[in-house]
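Have a look at the structure below before the remarks.
Not measured: the values here are computed from a predicted model.
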Amino acid sequence: MNTTNFLIITAIVIYLLMMLVVGFRFSKRTSNSEDFYLGGRKMGPLVTAMSAEASDMSSWLLMGLPGVAYLSGVADAAWTAIGLGIGTWLNWYFVSRRLRRYSQNIGAITVPEFFSKRYHDRSNTLNALAAVVIIIFFIPYTASGFAACGKLFNSLFGVNYTVAMIVAALVIVGYTIMGGFGAVSTTDLIQSIVMTVALVTVLTYGINSAGGWGAVMDNAHSLAGYLSLTASHDPSTGTAVSYGALSIASCMAWGFGYFGMPHILLRFMAIEDEKKLVLSRRIATVWVFIAMAVAIIIGIVGLGMTNAGALSFLEGSSSETIIVKIAGLISQHGILAALIAGVILAGILAATMSTADSQMLAAASSVSQNVLQDFFHVKLTEKQSLAIARITIAVIAILGVFLARDPDSSVFGIVSFAWAGFGGAFGAVMLCSLFWKRSNKWGALAGMISGGATVFIWKYLVRPLGGAWNIYELLPAFFVSLLFIIVVSLLTAAPDETQIKEFEAAK
């Protein structure tokens, strides 16, 4: 191992050890389920904002988004980012305060439990179904994070892809099991800072390596459709491909996903004071828009570096390693540069870990709290409940590593499917539960089932037909779910007086 690689690995190892130390410190503050799943509802506005967005962006921000921009230009990446930015603001503005108030009023500490208590579902069918949805879609989501870690170490050091995934999984599982929500949120705050440093450093170096901003833009302008919002670039033919209103709507539909993301919604439920969500909203929205814009620009700059001869052309899913490749170039400029490169790579790890830890925690709460205790009525002590939650986290990590075993798997592709699953199954249900008092248990059940099913049906049966059918599965799934909620709720009994009073109190 040469000195450069040693310094890079040293920086990464120090970072990983810091995450484990945070987990150990919070393990001493975790004494019950509310501490483990919601941090005792004591999170401050900065931690709430940045942990929510760090867990939201995942490795998709530092790998998937730049990779898409690198290959096909601005349109696909930009419309997706615009949809996500708008969705972020809407979620914080409309959902956060009411969910925080409503969940505390009815004593709910997980998203499935909120649905069940909101609709007075004494059979806990809603609870169990929501928990199953979380488990189904969080496993591939977690797998995407492990795939990102494997690609990172394999492309830079030649480390075996599977070995790299397993090491990353062990660290994430370690601090999540020890510290629960408090550790996850605090590490996510740290990780968002590291991600920001990585983005800024890579962008600055990349522009210089490409010959300056003028050279980057000259190269981008020379490619047909590359900088257009109504066309995309086809690298195989060098031609522009039309990007119409349907494609734009399909990309912007990513924004609907926010209303159904359990790991983000939990942040709203965990803040210490709902009034502080206003500050959290401002911090989160500004950071998201800037971070996504920089990630897209990095993709454009990366292609400029390729044109300048600083990088070889990255084909297919290898385009997702663009930041890794740039970090490798930075590391060749001395000891300090190698340490900076290590921080950049730690930023990719941070993006991955901040999402995977939140997802595993949400899935663990679903099994221990929602399925075993609420649905099957298994009597568990606090100690037993936490033990089962921790075992669940380990099992999900194992399944995630198994699903991501193919080194050619696309981070962007895996994330998009899981995102659609949550947005389709939970998005419309969450909005109706908070803002439509006539919605009832049967409508929520119908919406959850129809939305989740539509994601699979559209993805594997309808979308392959191409043409007008080739739209992101989240868009039809969200509206199918909303339609079922409205129709079924109106065809069945109205909520009782107690539910109406609870709804009004949450306003």
Side-chain angles (χ1 to χ4, degrees), residues 34 37-38 40-43 45 48 52 87-131 256 258-262 264-281 365 369-370 374 422-423 425-448 450-451 478-479 481-507:
E34 188 170 48
Y37 300 136
L38 285 182
R41 296 191 198 262
K42 298 173 183 175
M43 297 296 109
T48 299
T88 297
W89 184 83
L90 290 173
N91 203 28
W92 281 95
Y93 189 82
F94 289 106
V95 173
S96 63
R97 292 185 70 170
R98 187 167 294 196
L99 179 58
R100 170 64 174 82
R101 191 181 310 130
Y102 213 149
S103 64
Q104 185 171 42
N105 288 354
I106 61 179
I109 63 173
T110 68
V111 171
E113 188 180 23
F114 170 75
F115 289 139
S116 191
K117 289 187 173 181
R118 155 67 176 89
Y119 290 112
H120 289 206
D121 177 24
R122 292 176 178 81
S123 67
N124 278 307
T125 306
L126 264 177
N127 206 336
L129 178 61
F256 285 122
Y258 277 109
F259 305 123
M261 292 296 136
I264 298 173
L265 297 171
L266 280 174
R267 265 63 184 185
F268 303 158
M269 297 164 66
I271 196 166
E272 60 185 350
D273 182 352
E274 66 174 77
K275 294 177 182 177
K276 294 181 179 179
L277 284 165
V278 175
L279 176 58
S280 295
R281 181 184 76 234
S365 68
Q369 187 75 29
N370 307 131
D374 296 337
F422 286 121
F426 290 157
V429 177
M430 177 57 72
L431 290 177
C432 288
S433 70
L434 294 174
F435 297 102
W436 188 35
K437 64 183 175 184
R438 180 59 180 82
S439 64
N440 63 18
K441 176 182 75 172
W442 303 111
L445 273 172
M448 207 176 290
S450 61
F478 182 89
F479 286 105
S481 175
L482 182 61
L483 178 64
F484 268 80
I485 295 168
I486 294 171
V487 172
V488 174
S489 291
L490 292 176
L491 291 176
T492 50
D496 59 33
E497 183 91 14
T498 307
Q499 287 185 58
I500 298 298
K501 287 182 178 178
E502 289 174 353
F503 181 89
E504 294 296 336
K507 290 167 66 176

Closer than 3.5 angstrom, by distance alone: can the side chain of [X] be matched with the main-chain N or O of [Y] as a donor-acceptor pair?
{"X": "S481", "Y": "A428", "answer": "no"}
{"X": "S280", "Y": "P45", "answer": "yes"}
{"X": "N124", "Y": "N127", "answer": "no"}
{"X": "N91", "Y": "Y258", "answer": "yes"}

Measuring from [X]:[atom1] to [Y]:[atom2], what's the distance to the nearest 0.5 Å?
{"X": "R438", "Y": "C432", "atom1": "CZ", "atom2": "SG", "answer": "12.0 Å"}
{"X": "N440", "Y": "L491", "atom1": "CG", "atom2": "CG", "answer": "9.5 Å"}
{"X": "R267", "Y": "L99", "atom1": "CZ", "atom2": "CG", "answer": "13.0 Å"}
{"X": "R100", "Y": "F268", "atom1": "CZ", "atom2": "CZ", "answer": "12.5 Å"}
{"X": "I485", "Y": "S439", "atom1": "CD1", "atom2": "OG", "answer": "7.5 Å"}
{"X": "M269", "Y": "S96", "atom1": "CE", "atom2": "OG", "answer": "12.5 Å"}

Non-neighbouring partners of [X] that pass ring pair (Phe, Tyr, Trp, His ring centres under 6.0 Å), sequence neighbours left out:
{"X": "Y102", "value": "F114"}
{"X": "Y119", "value": "none"}
{"X": "F435", "value": "none"}
{"X": "W442", "value": "none"}

Please enumerate all residues that pass salt bridge (Lys or Arg N to Asp or Glu O under 4.0 Å) together with [X], with sequence neighbours excluded.
{"X": "R281", "answer": "none"}
{"X": "E504", "answer": "K437, K507"}
{"X": "R98", "answer": "none"}

State, yes or no, whether a side-chain contact exists between [X] and [Y] at a heavy-atom distance under 4.5 Å.
{"X": "R118", "Y": "F503", "answer": "yes"}
{"X": "F478", "Y": "L431", "answer": "yes"}
{"X": "V487", "Y": "L483", "answer": "yes"}
{"X": "T88", "Y": "W92", "answer": "yes"}
{"X": "F115", "Y": "M430", "answer": "yes"}
{"X": "V429", "Y": "L445", "answer": "no"}

Which residues share a side-chain hydrogen bond (donor to acceptor under 3.5 Å, both in side chains) with [X], sequence neighbours left out:
{"X": "S450", "answer": "none"}
{"X": "E502", "answer": "H120"}
{"X": "S433", "answer": "none"}
{"X": "D121", "answer": "S123"}

To check you understand the geometry: which heavy-atom pair defines the closest contact between [X] and [Y], and what is its length?
{"X": "P262", "Y": "F422", "value": "CD-CD2, 3.7 Å"}
{"X": "A130", "Y": "P112", "value": "CB-CB, 3.6 Å"}
{"X": "V488", "Y": "T492", "value": "O-OG1, 2.7 Å"}

query = Do F94 and F259 have ring centroids that are under 6.0 Å from one another?
reply = no

task = Sort and list the pairs that fulfil salt bridge (charged side-chain N to carboxylate O under 4.0 Å, His left out) and have at least one residue in residues 102-114, not counting sequence neighbours.
result = E113-K117

